Enquirer: 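Structure in structure tokens, see below.
On a predicted model such as this, the values are computed, not experimentally measured, just so you know.
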Amino acid sequence: MAMMRRILFGLKPAMWKTRNQEIHILKWRNALDLRPRTYLLMLQQRWLPRNIDKFSPLFIRVFSTKRKGIYKNAAVKQKQIKKEVEIKQRMTVSELAEAMDKDTDHVYEALLHTSMDTDALDDDFVLDETWIKDIIKKSGMKFRWAKLTEEKVKENKDAVKRPPADPALLVSRSPVVTIMGHVDHGKTSLLDSLRKTQVAAMEAGGITQHIGAFLVHLSSGEKITFLDTPGHAAFSAMRARGANVTDIVILVVAADDGVMKQTVESIQHAKKSNVPIILAINKCDKPEADPENVKKELLAYDVICEEYGGDVQSINISAIKGDNLVALAEATVALSEVLELKADCTGPVEAIIIECRNDKGKGPVTTAIIQRGTLRKGCVLVAGKSWAKVRLMFDENNKTMNAAGPSTPVEIVGWKELPSAGDEILEVESEQRAREVLDWRSYVEAQEKIKQDFEVIETKQKEHLEAYKKERESYNSLNWRQRKSAMYRANKHLMANRPKEKREMDKFTLPIIIKGDVDGSVEAILNILDSYDNEQCNLQVIHFGVGDISENDIVSAETFSGLVYGFNVNANKVIQQMATKKGIKIKLYNVIYQLIDDLKDELIAKLPQVLEENTIGEASVLAIFHVTVGKKEVPVAGCRVHKGQLQRKMKFMLIREGHILWRGFLTSLKHLKDDVPVVKTGMECGLSLDNDIDIKLGDEIICYEEKEVQQSISWDPGF
């Protein structure tokens, strides 16, 4: 290189140091080719000596001579290429992590020390555009917007009711009558007398806990479909469902009991559904019966009998003896004729589900009332998010049916999944059409859920942002280093406490699994549990369903360390042995209030015991004197016991003007000059405390004992 410089420039080394120029590195097409590419020689003419031609043979020869190891290309630092992430306007945490080819923890870390509440994050949390860009920027990446695909508006594929039928096609139908009233007022006994059955005798606890549908053939040849609803407070939803599908409500009130809470609720359901009422005053055979008082009580609830100038028929009956039941049936038939009840027996079926259950031999079974059309085997039905191809139909006596017309109660077998009580049944053309309907309903539900989630997320983010701004205001006086340090300490403190907090939360949480025989029973239990809002112990329903206790229920209970409650269901020996082996409790009940009482006991058992103080005796300080014990002068309080007794071994407290000044034990208790273990009411004594306390005349000395007692919870399930 030195020789080249001397040949080329003939300049002294000192002159090169004064020149702040750069020699450009030339790249050759081929290292073995001695012919340079003249157009690549970018040497600047202004720093070459005037007598040197930059394209002279000597220059070219020296500059292009291959010399091993001298003309190596300098390592060029390549520009780091940022990874490009395709984003959308809204993405969940898991979607963003997948797009970035990272795990979700990376996203959480990127959101630390920001206004985002990381404690509330989960993989399905939806991030908006601002947070997505911020995370990508912090990760050293760049983003590009995903191509907008014009989403086609889905065609509504739902099944709907037919328009009203031509009046010429309508035929008379039987009335649907719902029997409602307070628990134990004789509703099921009335239905037994009408049907000549003994349903009431077979009911657990003597109360109805399901909604039943029965077709009764009267001696006059008329048919009436009766719905028997539970009167217990827990089954409000069942009563409401019964009122919604009925034509007439028979309100049963006991003559010896009068109007009760569920009586009033039944009246409200009937009025809300705009259904006429027939009053059946039951138990009129009892000596204490007072039917007139019942009618007067009902006036306050706008139920006015015909005797008082209203339009409500009232019949005095005795369901047990069967008195006046014919008159009640005739009143029902007469009212149905006035209502002119008619229906269309042709075309696709429309019905309403009043109850559903899982049957071991039949699978999912629904009890429904046909409202329009005629149901036959092979019909394809949809209800809620389930569909069925009717395989079998049964009446209330478990006899097979070939067809069921309007106002007929029927059990339908053939459902792929169990629908919900209260769902509307519609007949469709084919199985393919049924799947289209379910797909559409699932889509609509998903869209509604997304909309609700966005609203909740936006509300929470707004609340957290406001809290974050207030928190940042406290850091305004700090420099950036102090601010970061304070924020780190705060986050570290929260992270450190989180596992401990979770253990504490789990300690006072009762996870449960609910299984019931029918959908309505599970619904009733869950409605009761919704009324529980006690903060002392959390109640967590981890699973609920219809059917017997299964292996999956035991596995779930083991995972969450929970209990399994069954209502009118069974657990076979294999399941019971599995539960015993895993230490899982299975609790089976057939009376709903017994189940709730047991649940309350389990919640109470979760709470820690508390110390309770019970006062044993009280004494007043009448005099103070000092005695010498060894070399120490000890104050002694002269007292008189005016309530209970003072026991030497118990705890004591000193109270002055309502304030507790001392708690502890006595060092001595004497009556006259004798040490005594007990001083009773009216006796005088001298006592000294285990601490140096300034005792004054008029102070109160309280003797008490401490006991650990179980806490109670304030939960009123409504019965």
Enquirer: List the atom of G181, the atom of S266, and the distance in Å for their closest heavy-atom pair.
Expert: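 Where G181 meets S266 most closely, the heavy atoms are N-OG, 3.5 Å.
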Enquirer: Check whether any side-chain N or O of D517 sits under 3.5 Å from a backbone N or O of V569 as a donor-acceptor pair, and report yes or no.
Expert: no
Enquirer: With side-chain hydrogen bond (donor to acceptor under 3.5 Å, both in side chains) as the rule and sequence neighbours excluded, what pairs involving residues 578-588 come up?
Expert: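 Of all non-adjacent pairs touching residues 578-588, those that pass side-chain hydrogen bond (donor to acceptor under 3.5 Å, both in side chains) are E558-K582, K587-D598, K587-E602.
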Enquirer: Would a distance-only check, ignoring hydrogens and angles, find a side-chain to backbone donor-acceptor pair under 3.5 Å from D158 to V437?
Expert: no
Enquirer: Shortest non-hydrogen contact from R441 to G384?
Expert: NH1-O, 2.8 Å
Enquirer: Within a 6.0 Å radius of atom CD on E431, are there more than 12 heavy atoms belonging to other residues, nucleotides or ligands?
Expert: yes
Enquirer: By the definition salt bridge (charged side-chain N to carboxylate O under 4.0 Å, His left out), identify the one residue from K515, R357, K360 that meets it with D548.
Expert: K360
Enquirer: Once you round to the nearest 0.5 Å, how far does CG of L529 lie from CZ of F544?
Expert: 10.5 Å
Enquirer: What is the distance from atom CD1 of I136 to atom NZ of K102, rounded to the nearest 0.5 Å?
Expert: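 These two atoms lie 12.5 Å from each other.
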Enquirer: Using a 3.5 Å distance criterion without hydrogens, assess whether the side chain of S420 forms a donor-acceptor pair with backbone atoms of D423.
Expert: no
Enquirer: Would you sort out whether E705 and K651 count as a salt bridge (charged side-chain N to carboxylate O under 4.0 Å, His left out), showing the intermediate values?
Expert: CA-CA 6 Å; E705 64 175 347; K651 283 189 172 184; over 6 Å; no
Enquirer: Hey, are the side chains of L381 and V428 touching, using non-hydrogen atoms and a 4.5 Å cut-off?
Expert: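 When only atoms from C-beta onward are counted, V428 and L381 do not touch, as no gap falls below 4.5 Å.
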Enquirer: Looking at side-chain heavy atoms only, is the closest gap between H269 and E265 below 4.5 Å?
Expert: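 In short, these two side chains touch, coming nearer than 4.5 Å.
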Enquirer: How close do I132 and K88 get, heavy atom to heavy atom, and via which atoms?
Expert: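 Smallest interatomic distance, heavy atoms only, reads CD1-O, 3.6 Å.
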Enquirer: Could you go through the side chain to side chain contact (heavy atoms under 4.5 Å, CB included) check for L607 and Q710 one step at a time?
Expert: CA-CA 7 Å; L607 299 175; Q710 189 64 56; 4.0 Å; yes
Enquirer: Please step through side chain to side chain contact (heavy atoms under 4.5 Å, CB included) for the pair Y704 and I616, ending with a clear verdict.
Expert: CA-CA 5 Å; Y704 67 96; I616 298 173; 5.5 Å; no
Enquirer: Would you say that I528 contacts I596 through its side chain, given a criterion of any heavy-atom pair below 4.5 Å between the two side chains?
Expert: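 Yes - at least one pair of side-chain heavy atoms lies under 4.5 Å apart.
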Enquirer: Are a donor atom and an acceptor atom from the side chains of D553 and S556 found within less than 3.5 Å of each other?
Expert: no
Enquirer: Working to the nearest 0.5 Å, report the span between CG of L563 and CG of L510.
Expert: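 One finds 5.0 Å between CG of L563 and CG of L510.
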Enquirer: For the pair E411 and K362, evaluate side chain to side chain contact (heavy atoms under 4.5 Å, CB included) and give the outcome as yes or no after the intermediate values.
Expert: CA-CA 11 Å; E411 280 193 352; K362 301 174 184 175; 3.9 Å; yes
Enquirer: With a 3.5 Å distance limit and no angle check, can you tell me whether N570 reaches the backbone of N572 through a side-chain donor-acceptor pair?
Expert: no
Enquirer: Does N538 offer a backbone N or O that forms a donor-acceptor pair with the side chain of T509 under 3.5 Å?
Expert: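 Judged by distance alone, no pair lies under 3.5 Å.
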Enquirer: Which heavy atom of W415 sits nearest a heavy atom of S386, and at what distance?
Expert: CE3-OG, 3.7 Å
Enquirer: Tell me, please, whether W440 has K157 positioned over its six-membered ring: NZ or CZ under 6.0 Å from the ring centre and within 45 degrees of its axis?
Expert: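 No; the conditions do not both hold, so K157 does not lie above the ring face of W440.
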Enquirer: With a 4.5 Å limit on heavy-atom distance, are the side chains of Q609 and Q711 in contact?
Expert: no
Enquirer: Do L438 and W387 have side-chain heavy atoms sitting under 4.5 Å apart?
Expert: yes
Enquirer: Restricting to non-hydrogen atoms, name the atom on P419 and the atom on A383 that form the minimum distance, rounded to 0.1 Å.
Expert: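 Closest approach of P419 to A383: CB-O, 3.9 Å.
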Enquirer: Quick check on K272: does its NZ atom have over 12 non-hydrogen neighbours (other residues, nucleotides or ligands) under 6.0 Å away?
Expert: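 Check fails, neighbour count at 12 or below.
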Enquirer: Short question: side chain of E95, backbone of T92 - any donor-acceptor pair under 3.5 Å?
Expert: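 It does hold such a pair.
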Enquirer: Looking at E613, I want to see if its CD is surrounded by more than 12 non-hydrogen atoms of other residues, nucleotides or ligands under 6.0 Å.
Expert: yes
Enquirer: Between T263 and M180, is the side chain to side chain contact (heavy atoms under 4.5 Å, CB included) condition met? List the steps.
Expert: CA-CA 8 Å; T263 310; M180 303 179 76; over 6 Å; no
Enquirer: With rounding to the nearest 0.5 Å, note down the distance linking CD1 in I412 to SG in C356.
Expert: 11.0 Å
Enquirer: Give, for atom CD1 of I554 and atom CD of Q576, the distance between the pair rounded to the nearest 0.5 Å.
Expert: 9.0 Å
Enquirer: Got N590 and L595 here, is their nearest side-chain heavy-atom distance under 4.5 Å?
Expert: no
Enquirer: E417 vs K385, test: salt bridge (charged side-chain N to carboxylate O under 4.0 Å, His left out). Steps then yes/no.
Expert: CA-CA 8 Å; E417 294 179 8; K385 292 191 293 181; over 6 Å; no
Enquirer: Could you check whether W662 and D690, counting side-chain N and O atoms only, form a donor-acceptor pair closer than 3.5 Å?
Expert: yes
Enquirer: Given side chains that start at C-beta, do those of F394 and V410 come closer than 4.5 Å, heavy atoms only?
Expert: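 They are not in contact (no side-chain heavy atoms under 4.5 Å apart), so the answer is no.
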Enquirer: Looking only at heavy atoms, what is the nearest atom pair of G422 and I352, with distance?
Expert: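 Where G422 meets I352 most closely, the heavy atoms are O-CD1, 3.4 Å.
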Enquirer: Are there over 12 heavy-atom neighbours, none belonging to N614, within less than 6.0 Å of that residue's CG?
Expert: yes
Enquirer: Can we say K449 and E445 salt-bridge, meaning some charged N sits less than 4.0 Å from an Asp/Glu carboxylate O?
Expert: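 Here K449 does not pair with E445 in a salt bridge, since their nearest N and O are not under 4.0 Å apart.
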Enquirer: To the closest 0.5 Å, what do you measure between CD1 (I369) and CD1 (I354)?
Expert: 4.5 Å
Enquirer: Is the shortest side-chain heavy-atom distance between V564 and L588 below 4.5 Å?
Expert: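 No, too far: nothing below the 4.5 Å cut-off.
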